[in-house]
Amino acid sequence: MNISLTPELRDFISKKLESGMYHSVSEVIREGLRLLKEQDELKQIRLRDLRHEVAVGLESLDNGEGEEYDEESLKELFAKIKADGRKQLVLRKNQAK
């Protein structure tokens with residue numbers, strides 16, 4: 001199997017080899033593919049969990065357990081959701097540093 005790599009990826013692989021963590025290009029590529037497979041599996045798990053949560057929520061609505069919102073309370077709810085999302089984004093960016 002032949003693959004084409006960008007110069008940046010070739011440099012990345014060279015640095016991994018120089019670090020001594022890997023002994024061959026194949027080891028680096030296998031590790032990258034293993035991590036990609038793991039990431040795909042995690043996405044599938046998250047998607048399954050999300051679908052389950054949606055099903056639970058829909059069942060809750062079917063059982064009359066939902067809450068009704070007027071226009072003003074919806075605006076407040078959306079503002080809170082946006083603010084929470086922005087806080088989480090800042091936390092993720094800070095953790096990535």
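What's counted below: heavy atoms across the whole structure, side chains too, no hydrogens, waters or symmetry copies. When a residue number appears, it is its place in the shown sequence, counting from 1.
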Please answer: with hydrophobic residues joined when any side-chain heavy atoms are less than 4.5 Å apart, are [X] and [Y] in the same cluster?
| X | Y | answer |
| --- | --- | --- |
| Leu35 | Met21 | no |
| Phe12 | Tyr22 | no |
| Leu33 | Leu17 | yes |

Query raised in the report: Taking the side chain as C-beta and beyond, is there a heavy-atom pair between Arg48 and Ile45 under 4.5 Å?
Result: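 Contact flag for Arg48/Ile45 side chains = yes.
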Query raised in the report: Under 4.5 Å between any side-chain heavy atoms of Leu50 and Arg46, yes or no?
Result: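 Leu50 vs Arg46: side chains apart.
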Report summary line: Separation between CD1 (Ile29) and CE (Met1), nearest 0.5 Å, reads 11.0 Å
Query - Approximate separation, where rounding is to 0.5 Å, of Lys16 NZ and Asp11 CG - result: 13.5 Å
Report task. Not counting sequence neighbours, list each pair that qualifies as a salt bridge (Lys or Arg N to Asp or Glu O under 4.0 Å) and has a residue in residues 68-83. Result -> Glu71-Lys75, Lys80-Asp84
Report task. Return yes if some donor-acceptor pair links the side-chain N/O of Ser60 with the main-chain N/O of Val56 below 3.5 Å, else return no. Result -> no
Requested in this report: With sequence neighbours excluded, tell me which residues meet side-chain hydrogen bond (donor to acceptor under 3.5 Å, both in side chains) with Glu27.
Outcome: none
Query raised in the report: Residues two or more places apart in sequence or in another chain: which of them pass side chain to side chain contact (heavy atoms under 4.5 Å, CB included) with Glu41?
Result: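 Checked Glu41 against side chain to side chain contact (heavy atoms under 4.5 Å, CB included); matches are Lys37.
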Query - Arg34 with Glu31: basic N within carboxylate O range, under 4.0 Å - result: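 Salt bridge present between Arg34 and Glu31.
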